[in-house]
Amino acid sequence: MYETADKSPSQRESWFSINRIVKALELVQDAIIISLCIGLFSFMVLEIRTMFMEMLPPIHFHVVTADILSLLILVELFRLLIIYLQEQRVSIGVAVEVSIVSVLREVIVRGVLETNWTQVLATCAFLLVLGTLMVLRVWLPPTFEGIDPEHEVSRRAKNRVH
């Protein structure tokens with residue numbers, strides 16, 4: 001009944017070690033990401049079913065286009081979650097790609113001609129910033145003592161698999 005009282009302080013401290021807590025939290029986080037993947041995959045299957053039903057005559061071009069672009073966004077989000085599960089990091093490149101496709105979907109669905117000019121200007125500025133981020137990710141020199149963190153994380157993850 002009083003087993004913890006009989007144990008030495010070092011044994012109790014080892015049970016509460018920071019490494020064990022971090023590992024447990026990482027497992028919980030992975031379980032959350034896996035459940036998000038399953039939910040997102042299920043939603044994509046339902047979206048595909050709905051999309052095919054909407055392709056029956058009469059075809060509404062804007063609705064089908066919006067559904068296809070929404071599905072592409074969901075695929076990119078799924079890819080982002082998979083990269084997180086494999087490498088334990090969020091891929092900035094994929095996140096920027098999702099943002100670009102999301103903004104373009106809204107522009108296409110709403111229509112540029114029906115949108116206020118200030119919103120079009122703000123959208124253009126936002127897309128310009130996102131495009132700049134994409135270009136800078138390629139051209140930026142490695143950080144910290146010549147180590148590119150994303151490349152190192154990817155290399156370590158690949159080594160763990162092999």
Side-chain angles (χ1 to χ4, degrees), residues 22-161:
V22 168
K23 292 283 186 192
L25 289 174
E26 284 178 348
L27 285 174
V28 170
Q29 190 174 11
D30 286 348
I32 291 170
I33 298 296
I34 290 170
S35 65
L36 282 173
C37 285
I38 292 169
L40 187 60
F41 186 78
S42 302
F43 185 71
M44 283 191 298
V45 169
L46 293 174
E47 188 72 23
I48 288 173
R49 181 183 165 272
T50 304
M51 187 175 62
F52 281 125
M53 296 303 266
E54 289 173 351
M55 286 187 174
L56 297 174
I59 296 176
H60 301 286
F61 178 72
H62 277 77
V63 175
V64 173
T65 304
D67 286 345
I68 290 171
L69 291 172
S70 295
L71 193 61
L72 287 174
I73 293 168
L74 294 176
V75 167
E76 289 296 317
L77 287 174
F78 188 77
R79 190 173 74 151
L80 187 66
L81 291 173
I82 295 298
I83 289 172
Y84 183 81
L85 274 176
Q86 290 175 340
E87 301 180 10
Q88 299 297 314
R89 68 176 181 87
V90 175
S91 173
I92 301 299
V94 175
V96 170
E97 289 173 8
V98 169
S99 301
I100 290 171
V101 172
S102 298
V103 169
L104 291 176
R105 178 200 176 274
E106 289 301 314
V107 168
I108 290 171
V109 169
R110 287 186 182 179
V112 176
L113 298 177
E114 291 84 25
T115 306
N116 190 354
W117 71 271
T118 55
Q119 288 179 330
V120 172
L121 192 61
T123 301
C124 289
F126 186 61
L127 286 172
L128 186 65
V129 168
L130 290 175
T132 304
L133 277 173
M134 290 292 287
V135 170
L136 287 178
R137 295 274 306 133
V138 174
W139 294 104
L140 278 178
T143 58
F144 305 111
E145 303 172 11
I147 297 173
D148 181 10
E150 281 198 356
H151 178 70
E152 287 296 315
V153 169
S154 296
R155 185 183 55 77
R156 274 186 261 144
K158 287 178 185 174
N159 287 341
R160 272 188 275 153
V161 171

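Heads up: numbering here begins at 1 and tracks the sequence. This one's a predicted model, so the numbers in the text were calculated from it and none came from an experiment.
Residues Thr123 and Glu106 form no side-chain contact, since every pair of their non-hydrogen atoms from C-beta on lies 4.5 Å or further apart. Residues Val45 and Phe41 have side chains in contact (heavy-atom distance under 4.5 Å, counting atoms from C-beta outward). With a 4.5 Å cut-off on side-chain heavy atoms, Val109 and Thr65 do not count as touching. Two residues are said to be in side-chain contact when any heavy atoms from C-beta on lie closer than 4.5 Å; Ile59 and Val64 meet this criterion.
In this structure, Ile68 CD1 and Ile108 CD1 are separated by 10.5 Å, a value rounded to the nearest 0.5 Å. Note that the CD1 atom of Ile34 and the CD1 atom of Ile82 stand 9.0 Å from one another [nearest 0.5 Å]. Leu81 CG to Ile83 CD1: the interatomic distance, rounded to the nearest 0.5 Å, is 9.5 Å. To the nearest 0.5 Å, the span separating CD1 on Ile32 from CG on Leu27 amounts to 11.5 Å. Taken from CG in Leu136 to CD1 in Ile92, the straight-line distance is 13.0 Å, to the nearest 0.5 Å. The CD1 atom of Ile48 lies 5.0 Å from the CG atom of Leu71; values are rounded to the nearest 0.5 Å.
The two residues Leu133 and Val96 have their closest heavy-atom pair at CD1-CG2, 4.3 Å. Scanning both residues, Val94 and Glu76, for their nearest heavy atoms gives CG1-O, 3.7 Å. For Leu69 against Val101, the heavy-atom pair with the smallest separation is O-CG1, 4.3 Å.
Among pairs with a residue in residues 33-58, none fulfils side chain to side chain donor-acceptor pair (under 3.5 Å), at least two apart in sequence or across chains.
Annotation: Arg105, atom CZ; neighbour count of heavy atoms from other residues, nucleotides and ligands within 6.0 Å is above 12.
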